[in-house]
J.: 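Can you keep this structure in mind? I'll have questions shortly.
Index from 1, following the sequence. Only heavy atoms go into these numbers, but all of them, side chains included; no hydrogens, no water, no symmetry mates. Model, not experiment: these values are computed from the prediction.
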Amino acid sequence: MIEGTAGVSGRRDPDEALLDDQDALAEHDPGGMLRHTASAGAQVRESAALAAEANLQVLADEGRPRAVVIAGIGTAGRTGDVLATVAGPRCPVPVIPHRSAGVPGWVGAADVVIAVSASGRSPEALGAAEAAHRRGARLVAVGAPDSQLQSVAERARAPFIPVPRRAPARASLWALTVPVLLAARTLGLVKVNEADLAETAARLDAEADRCRPTAESFVNPAKSLALGLAGSVPIVWGSSPLATVAARRFGDTLAANARYPVVSGALGEAGRGRVGLLDGVFGGLAEGERDIFADPDDEAPAGTRLRLVLLRDGGLNPEDDADEPLDVEERRADAVQTLAERRGVRCDVVTAEGGSALERLASLVAVPDFASVYLALAHGLDPMAVPAITEMKELANQ
């Protein structure tokens, strides 16, 4: 055994039949990651209720801030991306995700810091909360109850929104995101109302039902996406800023749950260089060697190939002051699909649905979240337990 592989188990080749075997799914998912993923709608409702009980109104007493910094790492850091995107280009103040310890040097009494940590003990969130308190910035803390982060918030007499920790942080995106959005709403930065939250929760519930373990692969969009990605190098691109947040989220979950290397980001950025991957040794060069007369569903790949996942958000309102016109984003998405088709690179498309930005984001995140878990299970991996994460923390703390 290679040194450091203790606890590493699974299989290189996916077992497609396992995804439709309920007993096998349960056996390989002892921590209940599928169940936690299905709780997204409930997370929205619970976190909204918990935020309503916090004294967020004190944030508004000093008026609009100069800037808002969202401090956190991993999934907690993604909440800052969500806020920046939902707030949009019309947001009256800068919204800045911050993933390092402490806060930017310019933060002071005119600013607001939102420190987010699912565990309530990440160095990044704790350092930011402490720094905000020292500098006199307004502080909001979001994290596990009875944690170090809550203690810092209490010392600073700052609002604290407790998020009960029932799952790993990566399965708690919505539990962490909703308090951040509601804090920003109190500051007048986003227009997220109760109807938006209710519709987002309902959307997440509906997607969880479509992706439930008892739904067979041919009618389950998450299982179908997982099987399409199996054995590939996934490239996940978002057509808009909102879709790009979802694309990077999918990159996070594919890496952590299924242990797949992923290229993820904005389609606009891809057009400046990364789209060349479609021509490379895992793209057009490999696909050019495929037997054109073979059944694409039966042919066993001779080597690792790219699989493109395109997240499209065509639901922006015409009056929105977007960074780019909607027709530019749509033409770019059409172009990359055509490029992939010409090079024989297979492409999966997830299209946003819903009226609000938050609901559209939920529609782009839900199926990929489930797909990352199903892909892990197909490889015999426990999506909950990631030995490398535990080992890295142990080594870093020596």
J.: Would you call Ser217 and Leu227 a side-chain contact if the rule is heavy atoms closer than 4.5 Å?
T.: yes

J.: Can you name the nearest heavy-atom pair linking Trp237 to Ala266, along with the distance?
T.: CD1-O, 4.4 Å

J.: So that I can tick it off, tell me whether Arg210 and Asp205 are bridged by a salt bridge, with the cut-off set at under 4.0 angstrom between side-chain N and carboxylate O.
T.: no

J.: Do the non-hydrogen side-chain atoms of Val373 and Leu377 ever get within less than 4.5 Å of each other?
T.: yes

J.: Out of Asp369, Thr75, Asn257, Thr37, which residue meets the side-chain hydrogen bond (donor to acceptor under 3.5 Å, both in side chains) rule with Arg170?
T.: Asn257

J.: Between the side chain of Ser47 and the main-chain N/O of Ala175, is any donor-acceptor distance below 3.5 Å?
T.: yes

J.: Verify side chain to side chain contact (heavy atoms under 4.5 Å, CB included) between Leu242 and Val245, making sure each step is shown before the conclusion.
T.: CA-CA 5 Å; Leu242 189 78; Val245 173; 5.9 Å; no

J.: Distance from Leu139 atom CG to Arg134 atom CZ, nearest 0.5 Å?
T.: 12.0 Å

J.: Check for me, please, whether Ile114 and Val95 land in the same ILVMFWY cluster - side-chain distances under 4.5 Å, paths through other members count.
T.: yes

J.: With clusters defined by side-chain heavy atoms of hydrophobic residues (ILVMFWY) lying less than 4.5 Å apart, directly or transitively, does Val336 cluster with Leu277?
T.: yes

J.: Just jot down the side chain to side chain donor-acceptor pair (under 3.5 Å) partners of Glu124, sequence neighbours excluded, or say none.
T.: none

J.: Please determine whether residues Leu267 and Val309 belong to a single hydrophobic cluster, defined as Ile, Leu, Val, Met, Phe, Trp and Tyr linked transitively by side-chain heavy-atom distances below 4.5 Å.
T.: no

J.: For the pair Glu46 (side chain) and Ala42 (backbone), establish whether a donor and an acceptor sit closer than 3.5 Å, ignoring hydrogens and angles.
T.: no

J.: Measure across Pro261 and Pro234 and return the closest heavy-atom pair with its distance rounded to 0.1 Å.
T.: O-CD, 3.1 Å

J.: May I ask you to check whether Ser239 and Asp313 show a side-chain donor-acceptor distance below 3.5 Å?
T.: no

J.: Picking from Val82, Thr85, Thr200, what satisfies side-chain contact (heavy atoms from CB on, under 4.5 Å) with Leu361?
T.: Val82

J.: Would you tell me whether Gln43 and Ser39 have side-chain atoms, one donor and one acceptor, within less than 3.5 Å of each other?
T.: yes

J.: Work out which heavy atom in Val350 is nearest to a heavy atom in Ser363; give both atom names and the distance.
T.: CG1-O, 4.1 Å

J.: Let's go through His379 and Tyr374 carefully: what are the C-alpha distance in whole Å and the side-chain angles of both, what is the deciding distance for ring pair (Phe, Tyr, Trp, His ring centres under 6.0 Å) to 0.1 Å, and is it a yes or a no?
T.: CA-CA 9 Å; His379 282 284; Tyr374 283 125; over 10 Å; no

J.: For the pair Tyr260 (side chain) and Gly231 (backbone), establish whether a donor and an acceptor sit closer than 3.5 Å, ignoring hydrogens and angles.
T.: yes

J.: Just checking Arg121: does its CZ atom have more than 12 heavy atoms from other residues, nucleotides or ligands closer to it than 6.0 angstrom?
T.: no

J.: Should Val68 and Ile96 count as side-chain neighbours, where that means a heavy-atom distance under 4.5 Å?
T.: no

J.: What distance do Leu285 atom CG and Arg343 atom CZ have between them, rounded to the nearest 0.5 Å?
T.: 10.0 Å

J.: Salt bridge or not for Asp111 and Arg135, using N-O below 4.0 Å?
T.: no

J.: Checking Phe250 against Leu229 for the side chain to side chain contact (heavy atoms under 4.5 Å, CB included) test, could you report, in this order, the C-alpha distance in whole Å, the side-chain angles of both residues, the deciding distance, and whether it holds?
T.: CA-CA 12 Å; Phe250 196 18; Leu229 290 172; 3.7 Å; yes

J.: Taking the side chain as everything from C-beta on, heavy atoms only, tell me whether Val190 gets closer than 4.5 Å to Cys91.
T.: no

J.: What distance do Ile235 atom CD1 and Leu310 atom CG have between them, rounded to the nearest 0.5 Å?
T.: 11.5 Å

J.: So if you build clusters from Ile, Leu, Val, Met, Phe, Trp, Tyr with side-chain heavy-atom gaps below 4.5 Å, do Val140 and Leu126 land together?
T.: no

J.: Check Arg212 with Asp209, please: is the shortest side-chain N to carboxylate O separation under 4.0 Å?
T.: yes

J.: Which pair of non-hydrogen atoms, one from Gly77 and one from Pro97, has the smallest distance, and what is that distance?
T.: O-CB, 4.4 Å

J.: Can you measure from CD (Glu130) to CG (Leu149) and round to the nearest 0.5 angstrom?
T.: 9.5 Å

J.: Would you call Lys223 and Glu16 a salt bridge, using N to O less than 4.0 angstrom?
T.: no

J.: Taking C-beta and beyond as the side chain, do Pro168 and Met384 meet within less than 4.5 Å on heavy atoms?
T.: yes

J.: Using a strict threshold of under 4.0 Å (side-chain N to carboxylate O), is an ion pair present between Arg248 and Glu269?
T.: yes

J.: Is it the case that over 12 heavy atoms from other parts of the model lie below 6.0 angstrom from the CZ atom of Arg274?
T.: no

J.: Backbone N or O of Gly143 within a donor-acceptor pair of the Ser147 side chain at under 3.5 Å?
T.: no

J.: What I'd like to find out is whether the side chain of Val69 reaches to under 4.5 Å of the side chain of Pro104, using heavy atoms alone.
T.: yes

J.: Linking I/L/V/M/F/W/Y whenever their side-chain heavy atoms sit closer than 4.5 Å, directly or via other members, would Leu189 and Leu59 fall into one cluster?
T.: yes

J.: Return yes when atom CZ of Arg342 has more than 12 non-hydrogen atoms of other residues, nucleotides or ligands closer than 6.0 Å, and no otherwise.
T.: no

J.: Supply the atom-to-atom distance Leu358 CG to Thr177 OG1, rounded to the nearest 0.5 angstrom.
T.: 8.5 Å

J.: Kindly give the heavy-atom pair with the smallest separation between Ala215 and Asn220, and that separation in Å.
T.: O-ND2, 3.3 Å

J.: Say whether, by atom type as modelled, one donor and one acceptor occur between the side chain of Lys191 and the main chain of Ala87 under 3.5 angstrom.
T.: no

J.: So do the side chains of Leu395 and Met392 get within less than 4.5 Å of each other, counting heavy atoms only?
T.: no

J.: Under a 3.5 Å distance rule, please check whether Ser240 uses its side chain to pair with a backbone N or O of Ala243 as donor and acceptor.
T.: yes

J.: Going by an N to O cut-off under 4.0 Å, is there a salt bridge joining Glu329 and Arg312?
T.: no

J.: Do Arg307 and Asp348 have side chains that get closer than 4.5 Å, going by heavy atoms?
T.: yes

J.: Sub-3.5 Å donor-acceptor pair from the side chain of His28 to the main-chain atoms of Ala24, do we have one?
T.: yes

J.: Could you walk me through whether Leu187 and Arg64 pass side chain to side chain contact (heavy atoms under 4.5 Å, CB included), step by step?
T.: CA-CA 6 Å; Leu187 293 166; Arg64 180 177 292 169; over 6 Å; no

J.: Show your reasoning for whether side chain to side chain contact (heavy atoms under 4.5 Å, CB included) applies to Arg203 and Glu353.
T.: CA-CA 9 Å; Arg203 171 74 59 180; Glu353 298 178 359; 2.9 Å; yes

J.: Using only atom types and a distance under 3.5 Å, with no angle test, would you say the side chain of His98 pairs donor to acceptor with the backbone of Ser100?
T.: yes

J.: Between Ser122 and Ser117 (side chain of the first, backbone of the second, donor and acceptor by atom type, cut-off under 3.5 Å), is there such a pair?
T.: no

J.: Could you check whether any side-chain N or O of Arg259 sits under 3.5 Å from a backbone N or O of Ala256, counting only pairs where one atom can act as donor and the other as acceptor?
T.: yes

J.: Is any NZ, NE, NH1 or NH2 atom of the basic residue among Glu341 and Arg346 found under 4.0 Å from an Asp or Glu carboxylate oxygen of the other?
T.: no

J.: State the CZ-CD1 distance between Arg99 and Ile70, to the nearest 0.5 angstrom.
T.: 9.5 Å

J.: What's the shortest heavy-atom distance between Ser264 and Ala247, and which atoms?
T.: CB-O, 3.6 Å

J.: Between Arg185 and Glu194, is there a side-chain N and carboxylate O pair less than 4.0 Å apart?
T.: yes

J.: Below 4.0 angstrom, N of the basic side chain to O of the carboxylate: do Arg78 and Asp81 qualify?
T.: yes

